[in-house]
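Every value quoted in this text rests on a predicted model; they were computed, and no experiment measured them. One-based numbering, in listed order, for ligands and for the atoms of each.
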Amino acid sequence: MSVFKKLSFRETRDRLLSVIGTIGTENVELSELCGRVIAGNITAAMMIPHYDRSPFDGYALRSEDVAGASEDNPVTLKIIYEIKAGDTAGRPVKNGEAVKILTGAPVPDGADCVQKYEDTVFDEDSVTLSAPLKFNQNVVRAGEDVKSGMLLAENGTVADAAVMGMLASQGIGVVPVFRRPRVAVISTGSELVEVGEQLTGSRIYNTNRYMLEAELRRCGCIPFYAGLAGDDPGVIAKLVSESLDTHDAVVITGGVSAGDYDFVPEAMEMTGVEILCQGVKMKPGMASVYGFRNGKPCFGLSGNPASAMTSFYAVCRPVLRKYAGERNWLPEMIKVNMTGDFGKSAGCERLLRGRMSIENGVICMRPSSEQGNAVISSMAGANLMVIIPAGHGPVHAGEIFDGFMI
Ligand SMILES: Nc1nc2c(c(=O)[nH]1)N[C@H]1C(S)=C(S)[C@@H](COP(=O)(O)OP(=O)(O)OC[C@H]3O[C@@H](n4cnc5c(N)ncnc54)[C@H](O)[C@@H]3O)O[C@H]1N2
Ligand code: MOO
């Protein structure tokens, strides 16, 4: 009999979040940065662009020279040289002069505007304009994109293409990131058979291992399968202990409930894991146990695959995200309109899984009736969890609940 008062999944999650620290850091090459969590704030050392730049192929000139230009009064300027992207400007442009300029080239001193070549009449030596230009017209000013000192990537940001582009434009080739948590996955239960082995009697294949490994990868962790531990508390404890020694976190499935062979909480305690929560007021995922050893989280999830995955999304994933250095570890909550019924009521919160659809601009979900704690088929394609409050009766189409993407 557990001495722990069952908490809601939010309370459980928040209790673990209040304890979890942040993993160490390492440096990666910029080309390896996508999806990694940036460690520390990275600011711009230089402006982008770092010089006034022409956005067109055309002519750079002084706007005062063409202030009175018109069809009846065209102004002709002498071309003094040509400048293309990557070149250094020659001498400053004086009155009556222009520089032939190509897209991306620096606007030479003296010139303060650019005219596209198709809006001019030109030959090798001169260019004629029949309309005025404003000061700074068609000039991309230095710092228009990025100012010096600007925050390019905040601590805890998951790097995407834009972050990588901004760092590349600053010439930053090596980037500090948080290490990816190395997470050991342990399956318990003497009924389990590994995929590839012969199934006999009522034994079943180990499915949780693969589902957890997939979701661990999706949230930035590196999964390591530590093996099957049967139902012997000593064997489970040994594997948990070795895994905690050599990894950053451990996820165990099975053996957390009230049965004669449910030894995981006991095994966790035997290894020195301090248990913080046992049992959660949610369905599925009620059977679960959470603790820490030396700052490393140890998650004991149900053997039932859908229960284990629900606990993973609701409790473990935010904790692992914070551990992995992410700035936003909680899922964003959204309002979800139910487009179908779900017949069961629940004494505690129930998390229904399903696929999001957008109907007339509204986020919707049609719950599958197969929401059992061992039903994996209704998880296929599911990208949303909807939270039905404790005490709510059967769900009817048209009701709106909080939900989060998984
Ligand atoms: N007397 C009670 N019995 C049960 C309770 C309860 O409160 N009192 N809770 C039920 C609920 S709810 C759940 S969920 C399960 C949780 O059980 P355990 O976490 O102890 O898990 P097991 O008994 O080991 O396994 C449950 C189920 O899942 C299958 N399993 C286990 N591991 C895997 C795996 N790696 N891949 C696929 N399937 C797996 C296992 O064979 C069992 O069928 O307890 C209820 N009972
Ligand atoms: O409580 Mo079990 O852990 O609901 O499916």
- Query: Asp232 side chain to Gly234 main-chain N or O, any donor-acceptor pair under 3.5 Å?
  - Reply: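 Looks like yes, one N/O pair under 3.5 Å.
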- Check for a donor-acceptor pair, side chain of Tyr323 on one end and backbone N or O of Asp248 on the other, with a separation under 3.5 Å.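 Looks like yes, one N/O pair under 3.5 Å.
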- Task: Give a yes/no verdict on a cation-pi contact between Arg182 and Phe224, requiring under 6.0 Å between NZ or CZ and the six-membered ring centre and an angle within 45° of the axis.
- Result: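 Relative to the ring axis of Phe224, which defines the angle, Arg182 lies inside both limits.
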- Lys/Arg cation over aromatic Tyr225: Arg209, 6.0 Å, 45° cone: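 Yes - Arg209 lies over the ring of Tyr225, closer than 6.0 Å to its centre and within 45° of its axis.
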Hey, which atoms in ligand 1 end up nearer than 4.0 Å to a heavy atom of [X]?
| X | result |
| --- | --- |
| Asp262 | 20 (O), 23 (O) |
| Ser307 | 14 (S) |
| Val256 | 18 (P), 19 (O), 20 (O) |
| Tyr205 | 36 (N), 37 (C) |
| Ala287 | 16 (C) |
| Ser302 | 14 (S), 16 (C), 19 (O) |

Heavy atoms only: which of [options] lies closest to [atom]?
| atom | options | result |
| --- | --- | --- |
| atom 11 (C) of ligand 1 | Ile252, Asn373, Thr310 | Asn373 |
| atom 18 (P) of ligand 1 | Ser311, Gly255, Ala374, Ala308 | Gly255 |
| atom 39 (C) of ligand 1 | Gly259, Gly300, Gly303 | Gly303 |

[X] heavy atoms, cut-off 4.0 Å: which ligand 2 atoms fall inside?
| X | answer |
| --- | --- |
| Asn373 | 2 (Mo), 5 (O) |
| Lys283 | 1 (O), 4 (O) |
| Gly285 | 1 (O), 2 (Mo), 3 (O), 4 (O), 5 (O) |

Do [X] and [Y] sit within salt-bridge range, that is, some charged N less than 4.0 Å from a carboxylate O?
| X | Y | answer |
| --- | --- | --- |
| Arg218 | Glu215 | yes |
| Arg91 | Glu97 | yes |
| Arg36 | Glu32 | no |
| Arg10 | Glu349 | yes |

Quick one: nearest non-hydrogen protein atom to [atom], plus distance?
| atom | value |
| --- | --- |
| atom 34 (C) of ligand 1 | Asn208 ND2, 3.2 Å |
| atom 38 (N) of ligand 1 | Ile204 CD1, 3.3 Å |
| atom 1 (N) of ligand 1 | Ala258 CB, 4.1 Å |
| atom 27 (C) of ligand 1 | Asn304 OD1, 3.1 Å |
| atom 1 (O) of ligand 2 | Met286 CB, 2.7 Å |
| atom 37 (C) of ligand 1 | Thr207 OG1, 2.9 Å |
| atom 3 (N) of ligand 1 | Ser257 OG, 4.0 Å |
| atom 35 (N) of ligand 1 | Asn206 OD1, 2.9 Å |
| atom 42 (C) of ligand 1 | Glu191 OE2, 4.1 Å |
| atom 2 (Mo) of ligand 2 | Ser307 OG, 3.6 Å |

Can you establish whether the number of heavy atoms outside [X] located under 6.0 Å from its atom [atom1] is more than 12?
| X | atom1 | value |
| --- | --- | --- |
| Glu274 | CD | no |
| Glu118 | CD | yes |
| Lys134 | NZ | no |
| Tyr117 | OH | no |
| Arg15 | CZ | no |

- Message: Heavy atoms only, cut-off 4.0 Å: how does Leu192 contact ligand 1, side chain, backbone, both, or neither?
- Response: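 Just the side chain.
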- Query: Quick check, are the ring centers of His396 and Phe342 under 6.0 angstrom apart?
  - Reply: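 No, too far apart.
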- Message: I want to know if ligand 2 touches Met282 in the polar sense, i.e. an N/O pair below 3.5 angstrom.
- Response: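 By distance alone, the answer is no.
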- Task: Compare every heavy atom of Pro92 with every heavy atom of Ile80, then report the nearest pair and how far apart it is.
- Result: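 Looking at all heavy atoms of both residues, the closest pair is CD1-O, 4.3 Å.
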- Query: Heavy atom under 4.0 Å from ligand 2: found in Pro284's side chain, backbone, both, or neither?
  - Reply: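 Contact part for Pro284 vs ligand 2: both backbone and side chain.
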